[in-house]
Peer 1: 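My structure is below; once you've seen it, I'll send some questions.
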Amino acid sequence: MSELTLVSCPSCQTPNRVPTQKLSNHPVCGRCRELLFQGKAADLSMTQFDKFIKVSDTPIVVDFWASWCGPCKMMAPVFEQAAKQLEPHLRFVKVNTEVEQALAARFSIRSIPTLIVIKNGKELARQAGAMDASSLQNWLKQFI
C-alpha cells in the first residue's frame, strides 16, 4: 500500500489524500478539481489559512507582508519563484498583514516581511527581512 500525504487545496482548502509518489504528477482537488500545486503562493484569509495549515503534511512557508512595504515588494517575485521551484515539497502562502491584522497578531509579527515555516500546525522556523533568491532557497532546503 502506498503512503498518502495530506494536501490542502489552495482554492477551496479541502484536504486531499494524495499518494506521496504522485505529488509531482499535477494532482487535482477531489472537490473543486483545481490543481493542488499551482506553482504560486496562495493568498489566504484567516479562515482559509486555519483550514489550510491544520491538515497539511507538507511544510508551509508563510510570507507575512503589506502592500506599502518596499522590502515586501522586492521579496514578492523571489517568493513566487521559490513556489514554482519548490512545490510540491513545500507549500507557499501569503498573508497581507493590513487585511489580516488578527492573524499577524496571533503570530506576533513585529516586522515585515516575515517568513514562517509551519508543519502540522506548529511553527518550525521564522526569518524576518527580505532575502534574495539563493538565500531563500538555502534557508528553505532544510525543511524539504
Peer 1: Taking all atoms of both residues into account, what is the closest heavy-atom pair of Pro10 and Phe52, and its distance?
Peer 2: CA-CE1, 3.8 Å
Peer 1: Answer yes or no: does atom CZ of Arg106 have more than 12 heavy-atom neighbours from other residues, nucleotides or ligands under 6.0 Å?
Peer 2: yes
Peer 1: Starting from the C-alpha separation in whole Å, work towards a yes-or-no answer on side chain to side chain contact (heavy atoms under 4.5 Å, CB included) for Arg126 and Ile109.
Peer 2: CA-CA 10 Å; Arg126 175 181 296 236; Ile109 302 302; 3.9 Å; yes
Peer 1: So, do Met75 and Trp65 sit near enough that their side-chain heavy atoms are less than 4.5 Å apart?
Peer 2: no
Peer 1: Just verifying a value: how many Å separate Met74 CE and Asp132 CG, rounded to the nearest 0.5 Å?
Peer 2: 9.5 Å
Peer 1: Should Phe143 and Met131 be counted in the same cluster of Ile, Leu, Val, Met, Phe, Trp and Tyr side chains packed under 4.5 Å apart?
Peer 2: yes
Peer 1: Is a side-chain N or O of Asn16 found less than 3.5 angstrom from the main chain of Cys29, in a donor-acceptor match?
Peer 2: no
Peer 1: Could you report the tightest heavy-atom contact between Leu44 and Gln48, atom names first, then the distance?
Peer 2: CA-OE1, 3.5 Å
Peer 1: Would a single hydrophobic cluster contain both Met46 and Phe64, if residues Ile, Leu, Val, Met, Phe, Trp and Tyr are joined by side-chain heavy-atom contacts under 4.5 Å?
Peer 2: yes
Peer 1: Measure from the side-chain N and O atoms of Glu100 to the backbone N and O of Thr97, and report whether any donor-acceptor pair falls under 3.5 Å.
Peer 2: no
Peer 1: Flag yes if Phe37 and Leu90 sit in one hydrophobic cluster, no otherwise; membership is Ile, Leu, Val, Met, Phe, Trp, Tyr, and two members link when side-chain heavy atoms are under 4.5 Å apart.
Peer 2: no
Peer 1: At what distance, to the nearest 0.5 angstrom, does CG of Leu124 lie from NZ of Lys119?
Peer 2: 7.5 Å
Peer 1: Looking at every heavy atom in both Ala41 and Val93, which two are closest together, and how far apart are they?
Peer 2: CB-N, 4.2 Å
Peer 1: Do Leu103 and Val117 sit in the same hydrophobic cluster, where Ile, Leu, Val, Met, Phe, Trp and Tyr count as joined when their side-chain heavy atoms come under 4.5 Å apart?
Peer 2: no
Peer 1: Is the shortest heavy-atom distance from the side chain of Gln81 to the side chain of Leu136 under 4.5 Å?
Peer 2: no
Peer 1: Taking the side chain as every heavy atom from C-beta outward, state whether Phe107 and Val95 have any atom pair closer than 4.5 Å.
Peer 2: no
Peer 1: Please report the shortest heavy-atom distance between Asn96 and Asp43, naming the atom on each side.
Peer 2: N-OD1, 4.5 Å
Peer 1: Has Asn25 got a side-chain atom pairing as donor or acceptor with Pro27's backbone, closer than 3.5 angstrom?
Peer 2: no
Peer 1: Taking side chain as C-beta onward, heavy atoms only, is Leu86 less than 4.5 Å from Gln137?
Peer 2: yes
Peer 1: Looking only at heavy atoms, what is the nearest atom pair of Lys73 and Pro77, with distance?
Peer 2: O-CD, 3.4 Å
Peer 1: When hydrophobic residues are tied together by side-chain contacts of less than 4.5 Å, even through go-betweens, does Ile112 share a cluster with Ile118?
Peer 2: yes
Peer 1: Where do Ala66 and Glu98 come nearest, in terms of heavy atoms and distance?
Peer 2: CB-CG, 3.9 Å
Peer 1: Evaluate the ring planes of Phe79 and Phe92, with Trp represented by its six-membered ring, and classify them as parallel (under 30°), tilted (30 to 60°) or perpendicular (over 60°).
Peer 2: perpendicular
Peer 1: Run the side-chain donor-acceptor check on residues 56-63: report pairs under 3.5 Å with partners two or more places apart or on a different chain.
Peer 2:
residue : atom : partner : partner atom : Å
Ser56   : OG   : Thr58   : N            : 3.2
Ser56   : OG   : Thr58   : O            : 3.0
Asp57   : OD2  : Leu6    : N            : 2.8
Asp63   : OD2  : Lys94   : NZ           : 2.8

Peer 1: How long is the gap from NZ on Lys51 to OG on Ser45, to the nearest 0.5 Å?
Peer 2: 8.5 Å
Peer 1: Which distance, rounded to the nearest 0.5 Å, do you find between the SG of Cys9 and the CD of Gln38?
Peer 2: 7.0 Å
Peer 1: Any side-chain heavy atom of Arg91 sitting closer than 4.5 Å to one from Val7?
Peer 2: yes
